Amino acid sequence: MTRKRRRLTLLGLALLGLFTATALVLTALEDNLVFFFSPSDLVAGGFEGQRIRLGGLVEPGSVQRGGDGVTATFSVTDTAHTVAVTFTGLLPDLFREGQGVVAEGRFGPDGVFRATDVLAKHDENYMPPEVDDALRRAGHPDQVAADETAVLEARP
Amino acid sequence: MIPEIGHYALVLSLVVALVQSVIPMIGANRGDAAWMELARPAAVAQFLLVAIAFSALTHAYVVSDFSVLNVVENSHSAKPLIYKISGVWGNHEGSMLLWVLILAVFGAAVAAFGDSLPPSLLARTLAVQAMIAAGFLLFVLGTSNPFMRVDPPPLDGADLNPLLQDPGLAFHPPFLYLGYVGFSIAFSFAVAALIEGRIDPAWARWVRPWTLAAWSALTVGIALGSWWAYYTLGWGGWWFWDPVENASLLPWLAGTALLHSAIVVEKRDALKAWTVLLAIVAFSLSLIGTFLVRSGVLTSVHAFAVDPARGVFILVLLTIAIGGSLALYAWRAPVLKAGGLFQPISREGALILNNLLLSTATATVLVGTLYPIFLDALDAGKVSVGPPFFNATFIPLMLPLVVAMGIGPMLAWKRGDLLGALGRLKLAALVTAAVGLATYYFRSGGPVMAVVGMAVAAWAIAAAIDELAGRIGLGRLPPGESLRRAARLPGAAWGTALAHAGVGIAIAGMTGSGAWMTERIQYLAPGEQIGIAGTQVRFDEVIRVDGANYVADRGVFSVLSDDGRVVGQLFPERRRFLVSQRVITHSAIRTTGLADLYIALGDPAGEDRPDAWTVRVYHHPLVPWIWIGCVVMALGGVVSLSDRRFRVGAPARRRAVAPGIAGAEPTPATRGGV
């Protein structure tokens, strides 16, 4: 095999790899992208059946656990609007009322958000940027600022 | 006083690094031996100085010196000693110091073992290594100084994030960094070789052991992180395709490709430009990973602090390092002469296929990881790319890779005999088919992909054993002769077989836990039983236990045999850490090696059922195999390292003079490797 032909073969293989990768990535992206929304974004409705991420604060006093020990309902708020969420499974250790949370799932026909995953932040001092952003956009930066001060003050 | 000594040593190490990055480089250009010689003592001095700084910080943690801000924020006097020490790298500043320390360790190691290297290559390699070190030392000193003082010192500290107070996570960062940062050596060698304009099999032989060492450490580091996620997060997930996990997987994939392509350079003097590019890419991905994890663009346990200045600094470092090295590559790579010819069906061909698939997989993971960040930066919406994306792109690329992995080592260099190789793999094919059929028959409702997964895993393991058996003539020669051959087999051959079998073992574990995991979550009161996967578990009681810096509710669970005898007990805990008042689930696992019984204690049920608790019980089949497989892979890397060819000083440039030898008859000695 001459050098030229080998190089062509290699180039062909590399292009094939690139093509496969692009095809795989594009199809997978099309099916599996999940967009992030805050409760205010969802007021207009029209998201039924679409897999989305919902972020905000867990509304204080809204968490209720079902009798089976695995179903929880709570509200997610960005201080302007709230969305009711139900989740079957285990909530993360850091899931707490008044704290930031991101829930992934779909809206049911009854308008309740059915979460399949609930992510809470890993660290007390940390607010998921999406949630922080959502709160700011809802026009309540005070809430965020107050939160941050509280955290700072809690430190020695 | 001691923190100031540490700070001062760190500043001095920056000065040494700056000198080390300039003088030997100029010396190598001028051919000035004395200037080049400076690189070695400088690399050792730089390491010693950074080690002093690191020891000073460790000392501050061990004695709980709360006049140091970093200790105040991340430690507490009541913390067990091991977590005081691991707290050193359990925060942004300290972990960057560890980063720099490991960079210096590798530089000093090259200086110490570099006797057989040509002086100019050694000088340039160490100079490039020092440039990276200088950049990161500037970063640490300028934006992340761990030696900052507080006045007046508080009485006690804020404690380390309880999630990080765990044996698995205590050792995860050092191993991960050994791998991550270890690729810097391959990078420095590549840049030095580009400047020299010359790459030969000897170059590959010098680079390979460092890459192997880094790769083995990275494998262990990733496995530790995944093991930690498995038992800490309370539900037994071991991989989430989270961007921070991808950040460690990307250099691993590129590093795996580099390991294999360097073999082609070493044995056949081919693929040189590509190998150099891979060396640059592997470390660049480590840098990108550091940026993603450390700049706060990602939400995770790793994002210790969100400080825009740090993100911008790392981004600038990243641009200089990656941009500079790629520009140098574009300019100098055409100088590298192409080497030996080969047919598509050959060992080289198989290794190229390996590289194509691995780099394609790297690219898809990179796209999935960066896409949301780019969209966000462009203000085009907030999205997340989750596991379905990665499963749909990554797995289809890995399947052919594993199939080829079984065949590749059977092919000869230059021109291989595919039918002959397949013929020798008859037994492996038989085992694969048997395992596939058995899985199909017994899969009990699991997905069809499980059959493919188990078959591919069996193929990888059986082919690795088949290959070893063929080499030592097992069954073909008398047993004594086989044993003698096994003893004489080069370390690289054992290493290959181990690493490839490890991949198979890990795949079996991933498939098993993905396909047949069962879970039960329910309220349980003491005395009640719960059944899972044919096992009865009795919830006995909850007792209060005091830990060093936490109090815990400890559940007592008994595993019952069929006739009701207690065959084992599990003690999952809910730990409330006293300083941060955070509650952490500490799950309990009982493993048989084939499956894990996993119990996590949740919240008390509340008013309706005052004595009941939320209890989560999981049955994870084959899951321990994931980590066993990773350890076997890393072991393969270490065994490969012991190969005679890599021994210091042993291989001179002998083969470079007569490049034809390696490609001739595949005697056992020259067949070693891969």
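Each chain gets a letter, A, B and so on, in the order its sequence line appears, and its residues count up from 1. As the structure is a computational prediction, the values presented were derived from the model and not from experiment. Note: hydrogens, waters and symmetry copies are ignored here, and every other heavy atom, side chains too, is used.
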Contacting moiety of [X], where chain A heavy atoms sit under 4.5 Å:
| X | result |
| --- | --- |
| Phe66(B) | neither |
| Val583(B) | backbone |
| Pro372(B) | neither |
| Leu397(B) | side chain |

query: Are Leu57(A) and Glu59(A) close enough that some pair of their side-chain heavy atoms sits under 4.5 Å apart?
result: no
query: Below 4.5 Å, heavy atoms only, C-beta onward: do Val85(A) and Val112(A) meet side chain to side chain?
result: no
- request: Check each of Asp117(A), Ile52(A), Leu54(A) against Glu104(A) using the side chain to side chain contact (heavy atoms under 4.5 Å, CB included) test, and report the only one that passes.
  value: Asp117(A)
query: Are the side chain of Asn91(B) and the backbone N or O of Asn74(B) linked by a donor-acceptor pair below 3.5 Å?
result: no
